[in-house]
2 protein chains.
Amino acid sequence: MTQTARQDNAAAAAAPETGIERLYSSELANETEFLAARARSVGSRRANEDLAALDLKVRSYSVLSLACSGLKPSQRELAEFLFLDPSQIVALVDALEKRGAVKRKADPRDRRSNIITPTAAGKRLYAEAAAIVQNAGNSALGALSPAERDQLRSLLRRVAFADQQPA
Amino acid sequence: MTQTARQDNAAAAAAPETGIERLYSSELANETEFLAARARSVGSRRANEDLAALDLKVRSYSVLSLACSGLKPSQRELAEFLFLDPSQIVALVDALEKRGAVKRKADPRDRRSNIITPTAAGKRLYAEAAAIVQNAGNSALGALSPAERDQLRSLLRRVAFADQQPA
DNA sequence: TATTGTTATACTCTATAACTATA
DNA sequence: TATAGTTATAGAGTATAACAATA
């Protein structure tokens with residue numbers, strides 16, 4: 001609830017150094033690295049806030065989404081794909097399973113593996129969550145035209161998956 | 001130090017479902033939200049690894065960079081700009097000050113404020129660090145042409161700063 | 001009274017190692 | 001022996017509240 005009063009008055013003219021906007025001209029503010037971090041921060045903050053209505057976060061939403069993808073991912077695959085440790089996946093799947101959104105199923109070809117599939121309730125939850133996330137995303141990307149959003153997504157996709165190959 | 005052995009052998013052909021690439025086709029993998037998070041993850045992981053040689057991280061590098069910007073930011077401004085809590089800035093500035101890279105200086109116009117300025121050593125450190133970060137960034141963006149990198153940066157900039165206005 | 005910086009604290013996230021069951 | 005999942009734990013990151021100095 002911080003109300004940063006605008007200072008576009010006489011005092012501002014006397015002290016134009018006050019105001020964060022002046023930092024926009026810093027070198028840092030032009031590094032892709034920094035901008036990506038900040039853009040993600042803007043986006044996921046908003047998404048987390050909105051997803052709270054469904055008792056989800058971006059993390060659990062991601063797992064639920066992949067569970068609902070029809071691709072029958074194993075926990076190991078979720079970990080690799082989401083850049084998370086397998087032990088973190090355990091906790092995320094636990095929470096989703098406890099609320100009846102997903103099920104663990106032993107892979108018939110390798111009984112060590114747990115394949116994660118959604119329940120009917122899980123699919124409904126995902127539908128709601130996906131709408132919320134899309135909405136939050138649109139809001140975060142409000143400054144861009146539809147074409148620019150596609151462009152951004154396409155560029156990010158190439159960067160995000162360029163490193164996927166085993167190191 | 002996890003050496004994920006490549007599996008491009010007969011076993012891989014027998015189990016084509018193994019392999020994370022199939023998850024590229026999921027809905028999640030096409031959400032800008034997710035892609036931005038992942039792209040940032042790729043970039044900052046690499047940057048953090050490389051900056052370790054200077055005993056810096058992306059966070060402390062950001063503070064050092066702004067300190068060296070000539071814009072004479074206060075701690076409060078650093079907190080707002082970096083989306084960090086003022087108490088976190090304290091710790092970051094403490095560490096940089098302890099190693100002689102930056103100094104706190106009372107703002108003559110408001111003695112409550114600490115203006116963060118670099119020492120000569122801090123400027124040298126920043127020069128080295130900036131080269132490392134730029135290098136890491138280029139590596140992370142390796143899949144993109146120079147023009148595409150500019151495009152990405154420009155788009156990210158608009159998203160990253162769209163939300164800057166007081167909430 | 002409000003704000004900057006500080007400290008202390010708790011909570012979340014992340015990383016690591018050890019254990020089990022399967023292979 | 002190697003891998004998938006699990007558990008426990010420690011460390012880093014993040015958020016909150018209270019306090020001192022200054023405005």
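Each chain gets a letter, A, B and so on, in the order its sequence line appears, and its residues count up from 1.
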What is the distance, rounded to the nearest whole Å, between atom CZ of Arg111(B) and atom C1' of dA20(D)? 14 Å
Is the number of heavy atoms from other residues, nucleotides or ligands within 6.0 Å of CD (Glu27(A)) greater than 12? no
Round to a whole Å and report the spacing from CZ of Arg45(A) to C1' of dG13(D). 14 Å
Just call it for Asp110(A): base, sugar-phosphate, or nothing, with non-hydrogen atoms closer than 4.0 Å on any strand. sugar-phosphate
Rounded distance in Å - NZ (Lys105(B)) to C1' (dT22(D)): 19 Å
Between atom CG in Leu92(A) and atom P in dT6(D), what is the gap in whole Å? 12 Å
Are Tyr61(B) and Phe34(A) an aromatic pair, judged by ring center distance below 6.0 Å? no
Working note: Arg104(A) + Glu97(A), criterion salt bridge (charged side-chain N to carboxylate O under 4.0 Å, His left out); need CA distance, chi angles, decisive distance, verdict. CA-CA 8 Å; Arg104(A) 280 180 237 241; Glu97(A) 193 175 41; 3.1 Å; yes
Expected string for nucleotides 5-12 of chain C under the B/S/- scheme (protein heavy atoms, under 4.0 Å, primed atoms plus P, OP1, OP2 as sugar-phosphate) is SBBB---S
Does the structure place the NZ or CZ of Arg38(A) under 6.0 Å from the centre of the six-membered ring of Phe161(B), at an angle of no more than 45° from the ring's axis? no
Between atom CG in Leu56(B) and atom P in dA12(D), what is the gap in whole Å? 16 Å
Would Arg45(A) and Glu49(A) count as a salt bridge (charged side-chain N to carboxylate O under 4.0 Å, His left out) here? Give the steps. CA-CA 6 Å; Arg45(A) 179 173 308 196; Glu49(A) 282 172 12; 5.7 Å; no
Atom pair distance, as rounded to whole Å: CG in Leu82(A) and P in dA15(C): 13 Å
Could you give the CG-to-P distance, from Leu78(A) to dT6(D), as a whole number of Å? 11 Å
May I have the distance from Asp107(B) (atom CG) to dT4(C) (atom C1'), rounded to whole angstrom? 11 Å
Ignoring hydrogens and angles, tell me if any N or O in the side chain of Glu33(B) forms a donor-acceptor pair with the backbone of Ser44(A) under 3.5 Å. yes
